[in-house]
Amino acid sequence: PKRFPSSSPSMSAIPSPGAIPSKIPSQNPSLIPTQSNYPSWAPSGTPTTLPSNVPTGYPTPDHMNGQLETRSDGNFKYITCGLMFDIESKRKIRLVDLNINLAYPETKKLQMWIRKGSWKEAPKDKTKWTLLGTTAVSGGGWCCTNIGRPHWLQVDMEPGQKYGIYLRFEDSSSGIRTPPSGGGIYAQNDDLKLYVGSRTGTSLFGGSSGKSPFQGSLIYWLFPKRFPSS
């Protein structure tokens, strides 16, 4: 008998597995770089010396801070328009700031005048005085007010020399608190003497009106050797 034709495809028509193209590469690429391919964030070599922000030597300070504070008498009998008084240094110092006892809280402009020599030699002679400057101050209560270390207050004082100081308000109003006192030295330390002064009236250089001391503190610099060049 004759053979029936085969309806099934020949097995030889199916390609062998080895002939099917592979979608998977024979060698997977590495997504992680090797150590040699890492970018370097650090310098290749460590410097032998690091830059220093600290200076190798420290300069010796050319000054030290000092302060002469007055005692508080408590009996602030007077509220005056101004005060004239003397200070005398025992060493080389520079007066740079002060605290003053003010009676009222409103802001006023305080003037500071100075002369080389005692105030008693020229209480009415404006030509013998120098206006150092004016600064805004406000006080009130029983505490002293700092005048804010104004830039114009830099008075170099030599040992044994008296300087007259005149503090007053620019508008000639009253407001500086002071007690009554006798004469002579009112306060002193190893660096500075403060003498009892006098109250002044509304006139700029109208003369004194009675003995009274400055109440507060004088702030200064001490120089071990000499004044620095300005």
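In this chain, numbering begins with 1 at the start of the sequence shown.
Side-chain contact between Ser217 and Gln67 is present, with at least one heavy-atom pair separated by less than 4.5 Å. Here the side chains of Thr134 and Leu110 are not in contact, with every heavy-atom distance at 4.5 Å or above. Contact annotation: the side chain of Tyr186 approaches that of Ser181 to within less than 4.5 Å [non-hydrogen atoms, C-beta and beyond]. Counting only heavy atoms from C-beta outward, the side chains of Leu95 and Leu218 approach each other to under 4.5 Å. Residues Ile79 and Lys77 are not in side-chain contact: their nearest non-hydrogen atoms beyond the backbone lie 4.5 Å or more apart. Contact check for Tyr220 versus Leu192: side-chain heavy atoms found under the 4.5 Å cut-off. For the pair Ile176 and Ile100, the minimum side-chain heavy-atom distance is below 4.5 Å. Using a 4.5 Å heavy-atom threshold, the side chains of Ser174 and Cys81 count as touching.
In terms of heavy-atom proximity, Pro179 sits nearest to Pro213 at O-CD, 3.0 Å. The two residues Ala136 and Thr107 come nearest to each other via the heavy atoms CB-CG2, 4.0 Å.
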**Request:** Step by step, work out the side chain to side chain contact (heavy atoms under 4.5 Å, CB included) result for Trp221 and Ile93.
**Result:** CA-CA 5 Å; Trp221 291 348; Ile93 67 171; over 6 Å; no

**Message:** The test is side chain to side chain contact (heavy atoms under 4.5 Å, CB included); show your working for Phe214 and Ile87 and say whether it passes.
**Reply:** CA-CA 10 Å; Phe214 166 78; Ile87 57 177; over 6 Å; no

**Request:** Decide side chain to side chain donor-acceptor pair (under 3.5 Å) for Ser138 and Lys108; before the verdict, give the C-alpha distance in whole Å, the side-chain angles of both, and the deciding distance to 0.1 Å.
**Result:** CA-CA 6 Å; Ser138 59; Lys108 298 184 179 185; over 6 Å; no

**Ile147/Leu153 under side chain to side chain contact (heavy atoms under 4.5 Å, CB included): CA gap, chis, key distance, verdict** = CA-CA 10 Å; Ile147 68 170; Leu153 182 47; 4.0 Å; yes

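Heavy atoms of other residues, nucleotides or ligands lying less than 6.0 angstrom from CG of Asp190 number 12 at most. Residue-environment remark: NZ (Lys193) exceeds the threshold of 12 foreign heavy atoms within 6.0 Å.
Ile185 belongs to a hydrophobic cluster whose remaining members, ordered by chain and number, are Tyr195; membership requires side-chain heavy atoms of ILVMFWY residues under 4.5 Å apart, directly or through intermediates. Here Trp119 sits in one hydrophobic cluster together with Met84, Trp113, Trp129, Leu131, Tyr166, Leu204, Phe205; the rule is ILVMFWY side chains under 4.5 Å apart, joined directly or through other members.
Expressed to the nearest 0.5 Å, how far CG of Asn99 lies from CG of Asn146 amounts to 4.5 Å. To the nearest 0.5 Å, the span separating CD on Gln215 from CG on Leu102 amounts to 12.0 Å. Between the CD1 atom of Ile219 and the CZ atom of Arg94 there is a distance of 15.5 Å, given to the nearest 0.5 Å. Leu98 CG to Ile165 CD1: the interatomic distance, rounded to the nearest 0.5 Å, is 8.5 Å. Residue Asp86 holds its CG atom at 9.0 Å from CG of Leu194, rounded to the nearest 0.5 Å. For the atom pair CD (Glu121) and NZ (Lys162), the distance works out to 8.5 Å, reported to the nearest 0.5 Å.
With hydrogens and angles disregarded, a donor-acceptor distance shorter than 3.5 Å links the side chain of Ser118 to the backbone of Lys120. With Arg199 contributing its side chain and Ser209 its backbone, the two residues share a donor-acceptor pair below 3.5 Å. Side-chain atoms of Ser212 never come within 3.5 Å of backbone atoms of Thr178 as a donor-acceptor pair (strictly under, hydrogens ignored).
Stacking of Lys92 on the aromatic ring of Phe223 is not recorded, the 6.0 Å distance cut-off and the 45° axial limit not both being met.
Side-chain contact of Thr135 with Lys109: a donor-acceptor pair under 3.5 Å is absent, judged by distance alone. A donor-acceptor contact closer than 3.5 angstrom is absent between the side chains of Tyr163 and Glu158.
A single hydrophobic cluster is not seen to contain both Leu83 and Tyr104; linkage of ILVMFWY side chains at heavy-atom distances under 4.5 Å, directly or through other members, places them apart.
With salt bridges taken as basic N to acidic carboxylate O contacts below 4.0 Å, none links Asp191 and Lys90.
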